[in-house]
Structures are given as structure tokens and as C-alpha cells.
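Heads up, the thing below is written out as C-alpha cells.
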There are 2 protein chains.
Amino acid sequence: MDLEAGFDAQLDKSGVGFDERDAGLLRAIDDHGSLNAAAGALGRSYSRSQRRVVELEEAFGPLVVRERGGSGGGGSTLTDGARDLLAAFERLTAEFTGVAEVEETVLDGTVVERDGELATVETPAGTVRAIVPTGSRRVRLAIRADAVTLHTPGALPDRETSARNRYRGTVSTIESGDALARVALDIGDDTRLTALVTRESIATLALSPGDEAVASFKATATRAIPAQRDATDERTDD
Amino acid sequence: MDLEAGFDAQLDKSGVGFDERDAGLLRAIDDHGSLNAAAGALGRSYSRSQRRVVELEEAFGPLVVRERGGSGGGGSTLTDGARDLLAAFERLTAEFTGVAEVEETVLDGTVVERDGELATVETPAGTVRAIVPTGSRRVRLAIRADAVTLHTPGALPDRETSARNRYRGTVSTIESGDALARVALDIGDDTRLTALVTRESIATLALSPGDEAVASFKATATRAIPAQRDATDERTDD
DNA sequence: GAGGGTTGTGTCCATGAGAGAACAACGGTC
DNA sequence: GACCGTTGTTCTCTCATGGACACAACCCTC
């Protein structure tokens, strides 16, 4: 199934959203030195672009320094605020593309104990500590492969790390890419945890299929969602 | 600055995007047992909703089983494919809200070595291994607080874990919430790394401000973005 | 066979986003 | 002082999205 995750990032302030389109506009202004040239290069109308800049500035503060007249007729440059905003936006999109691309393993489970937003969940692979939205007993946990760290078995003292979830298993497959590798770890009861690590780590841990290994991940990095509604099938049916 | 991160998640297939609006429609169909009632409950027009379902099915396969006539006039129910799609979408939005909410520390640095998408970056806090888009020397690293695990100093044998980045520092502040806590760690040269851990972890590590601690995070979990463009100021200027 | 509530169409209209064009104001350079 | 390429402002036009409405087809119940 070529199901691809996408998104539309947005930075909100005072009800106005700064999105990819706005980022492109600011970048073009920075590149071309004028709002007019920027709009032209983007194939957008000047009037709309100008309006949009004003709209954005009403929410985010001064973004563009305009100069009218003068040699060359004038021009526009970005303020430091605009650069900060752009940087924050790019950081956000980078994080989003990260989650959109990375693989994750899903575990179904039931909440057995809760302490605020944190809960212990019973899953086929064992008990997991995770952040769980309040008010749901049956949940589905998602663990991103880039959040799972691998260890040699027995190496990790139990009390001296903040990674609350820890599972021993046997390496089933290792798919090596350029510099990264995808490791699948069998953790009993037919569940398989995948970790994304560097090839360097594979080497230093001396991992190969069949070996024992320990996988750990933080409670704060595993997100839970309410489980399928068909489990209870509470249809309204009018 | 009350700058809030937002997003619009989307699952793409065959050029069609399944978004929050579509998810709401499917959920409403599941709740009310008919497309008609679903559209009514959402305050949307039936005709558009029906068309949208057809559009989605052309890309994602059968989603809704329609029944025309019969007792009660008929009705519609979701297929297993629709439930899977909904679950995948909810998982995606859960992950996105995770990154949108969590705090991150940013580090500016320069790439000193590269191996495919992986690179070693020199930062004020030391050298960091991270995933870096090709073709950029000056980069900005973003490290999410939920990706940082804390350890007692000296506890971690160097060769036996896959967390490639490891920094010793002193705890500066601990902000405890309900079940979670936010720990700021001073890592020399005026840089501060923040970690989001459970209060439970604070207790077992016996952490308090002023203590020494070690923070670690994976190379595959730290994303880099090209640094500010004003550093070189390569304006086109036509 | 009539009734009823559904699925399927098709058409019309309101709304909003954005392009395009026109024009005034500006302030350096020549 | 004329010129020029900006910014700023306003208008109209087009296009896409989506609601409102009408109507046929369906099939079980009564």
C-alpha cells in the first residue's frame, strides 16, 4: 500500500496562520530584494502578496522593511523577526517530515493504571509506560523507530536511566541502508519492534540476526490513541 | 511569544489526500449508520459528502458499504479498510500533535564530516551526530525534549548502546508537572539541553538541581535544517 | 400497491481566494 | 524637472469549494 503521510505545517499567532505559502513569499522577498520581484518570481499577484504581508505583520509584528523611491525605485528586506519566524517554521516542517517518514510499530493494549497523562498499558509485548489521553481504557500505542535505542543484553543497569520501557528480544532482520539501518526485534508473542539506528551502532553493538538485544524507549516519546470504536460498537443509530 | 505550532495532517494515495474533514465524515457515518444522517449531523450537504466518498474510494478502495431501500430506507457502514484508514490517520495526527507540543532545544553548528544522510556536526555543546540534508555546511539542529534520556553520570558504558550522542552536564532546573517533569541540563558553553521525563524517573535517578547527569539522544532522532541564509547573504538582486 | 428513508445524480447559487489591471505616492538618479 | 521601479490601494474578473434543492432509483414494511 503506497499510503503516504503528508502535512501542512502552520505557526499560529493571534488567529493568523503562517504556512508554507507565506514562508515561500518571505524567502522570495529575501532572495529578490523586493516584494514586487518576489511576487513576480512566484507567479503570484503583487496586490495579494502585499496584502498578505500586512495581514501577517498585524499578527506577527514587523516582518518586512519597505523602502519606496530611491535608486532602483526602492525595495524590501526582511526583519530579524521575519528570519526568526522562518527559522522556526523550517524547524517545524523538518520535525513533521521526520515523523511523516519514519516507520513505527503499533501495539494494542489496555490501560491498567493511570497517573495524570501518564499511564501503564498492558500489551502483548509486556507492560508499557506511555502518554495516554484521559478517558480511554483500550488504546493503541505508536512507537516511532527513531525513538527506540538498542543495547547489548545485560548492559543496562535498571535504575540508572530515564528510559522507562525496556524489552529483551532477538534480532530478526537488519536492513542496512547508506548510513542507517532498520533493525527488527522479536519481543515475544509475535510482536516485532523496529528500531532505526546508525550502521555505526550496529557495528559497535556487533549485532546480527539471531542475537539477543535489549530495546528501550521513553514513556514521553510513545503516544497513545483511543482504540478502535468497533470494539464496543456503540452506534447512535438515531 | 505565544507562537503555536499547528498542522493539517493528510494521508495521500494516488494523488488524493485524506484529511481531517474526511476523517470526520467517516466517523459520522460510523456513528449514525447512514451517509445522510452523517452529513446532517455535520451540517454538510449530502450531495457533496456523497461525492467525496466516491472520490476517496477511487483512491483508497472500498470504504463505505451502501444499502439502498429496505427497512428504514437503508444505510451505510464502514468497511475494514475504512477503519484501518481512520486508525492510521489518528495515529498520524497523534504523532504530529506530539511534535507540535513538545519543546526542543536548538543548536547551531557546522558539518565536519558526512556519510550519506548522516553527519557529524560541531556545535558549542560538542560534536553531535545527526541526520542532515545533503549540501549544507552550516546547520541548525533541533532536539526534541521527549527524545532526550537522562542517566546517572558514569553509569553508561560507552560501547553498549545505540544512542550516539551523549553529554555530561549539571541539572539547572526541574519543573515538575502532574506526572511529567521538564529538566534543563547545562552542557557547557552556555547551552542548555531540556529533557522531558517522568517524575518517576526523577525519583529513581534521584535528580535535583546542581547534580551531575548525563543526557543522551539518538542520531536518528535529531533533525538538522540548513542554517540562516543571511550568514552568506547570497542575494540574487536580479 | 402505497409509504418511507435511503442512495445516487444534476443544477443553481453564495462565498472566498487570488489574478490582473489601473493609478497615486515616493524618492533617488540623471 | 523628467524618469523609473518601487510600494500602496482599489476595482473587476475568474475559478474552486461547497451548500441548497430537486428528482430518480431502490427495497423493505405495512
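Below, chains carry the letters A, B, ... as their sequence lines are ordered, and counting in each starts from 1. FYI, side chains are in, hydrogens and waters are out, and symmetry mates aren't considered; it's all heavy atoms of this structure.
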Fill in: N36(A) side chain near dT6(D) phosphate (N/O to OP1/OP2, under 4.0 Å)
yes
What pairs of nitrogen or oxygen atoms, one from the protein and one from nucleotides 28-30 of chain D, lie under 3.5 Å apart?
unit_1, atom_1, unit_2, atom_2, d
dC28(D), O4', G70(B), N, 3.4

Discussion item. Taking CZ in R66(A) as the centre, count heavy atoms belonging to other residues, nucleotides or ligands within less than 6.0 Å. Is the count above 12?
Written reply: yes
Fill in: Atom pair distance, as rounded to whole Å: CD in E67(B) and C1' in dC26(D)
11 Å
Discussion item. Suppose we screen for side chain to side chain donor-acceptor pair (under 3.5 Å). Which residues come up paired with T222(B), at least two apart in sequence or across chains?
Written reply: none
Worksheet item: Has the side chain of T220(B) got a donor or acceptor atom that lies under 3.5 Å from a matching backbone atom of L196(A)?
Response: yes
Worksheet item: For F60(A), what residues pass the ring pair (Phe, Tyr, Trp, His ring centres under 6.0 Å) criterion, not counting sequence neighbours?
Response: none
Worksheet item: So, is Q50(A) near the phosphate of dT7(D), with a side-chain N or O under 4.0 Å from OP1 or OP2?
Response: no
Practice prompt. Report the residues that fulfil side chain to side chain donor-acceptor pair (under 3.5 Å) with T198(B), sequence neighbours left out, ordered by chain and then residue number.
Written response: S201(B)
Item to complete: Give a yes or no on whether the ring-centroid distance for F7(A) and F7(B) is below 6.0 angstrom.
Response: no
Worksheet item: When every nucleotide of nucleotides 13-19 of chain C is labelled 5' to 3' by its protein contacts under 4.0 Å (heavy atoms), B for base, S for sugar-phosphate only, - for none, what sequence of letters results?
Response: -----BB
Worksheet item: Among all residues two or more places apart in sequence or in another chain, which pass the ring pair (Phe, Tyr, Trp, His ring centres under 6.0 Å) test with F217(B)?
Response: Y167(B)
Discussion item. Would R144(A) and D146(A) count as a salt bridge (Lys or Arg N to Asp or Glu O under 4.0 Å) here? Give the steps.
Written reply: CA-CA 5 Å; R144(A) 289 208 318 280; D146(A) 63 6; 3.2 Å; yes
Worksheet item: Can you list the residues that meet the side chain to side chain donor-acceptor pair (under 3.5 Å) rule with E20(A), with sequence neighbours excluded?
Response: R27(A)
Practice prompt. Mind checking side-chain contact (heavy atoms from CB on, under 4.5 Å) for A38(A) and listing every partner two or more places apart, or none if nothing turns up?
Written response: A28(A), I29(A)
Worksheet item: Of G75(B) and G73(A), whose nearest nucleotide on DNA chain C comes first from the 5' end?
Response: G75(B)
Worksheet item: Of E101(B), E90(B), E95(B), which meets salt bridge (charged side-chain N to carboxylate O under 4.0 Å, His left out) against R223(A)?
Response: E101(B)
Fill in: For DNA chain D, the residues among residues 54-65 of chain A that have a non-hydrogen atom under 4.0 Å from it
none
Worksheet item: What residues, two or more places apart in sequence or in another chain, satisfy ring pair (Phe, Tyr, Trp, His ring centres under 6.0 Å) together with F18(A)?
Response: F89(A)
Discussion item. Give the dot-bracket line for DNA chain C from 5' end to 3' end: parentheses for intra-strand Watson-Crick or G-U pairs under 3.5 Å, square brackets for crossings, | for inter-strand pairing, dots for unpaired.
Written reply: ||||||||||||||||||||||||||||||
Worksheet item: In whole Å, what is the span from the CG atom of L35(A) to the P atom of dT7(D)?
Response: 5 Å
Worksheet item: Taking CZ from R68(B) and P from dC26(D), how many angstroms apart are they, rounded to a whole number?
Response: 6 Å
Practice prompt. Compare side-chain N and O positions of R51(A) against OP1 and OP2 of dT9(D) and report whether any pair is under 4.0 Å apart.
Written response: no
Worksheet item: What residues form a side-chain contact (heavy atoms from CB on, under 4.5 Å) with T105(B), not counting sequence neighbours?
Response: I143(B), L193(B), T194(B)
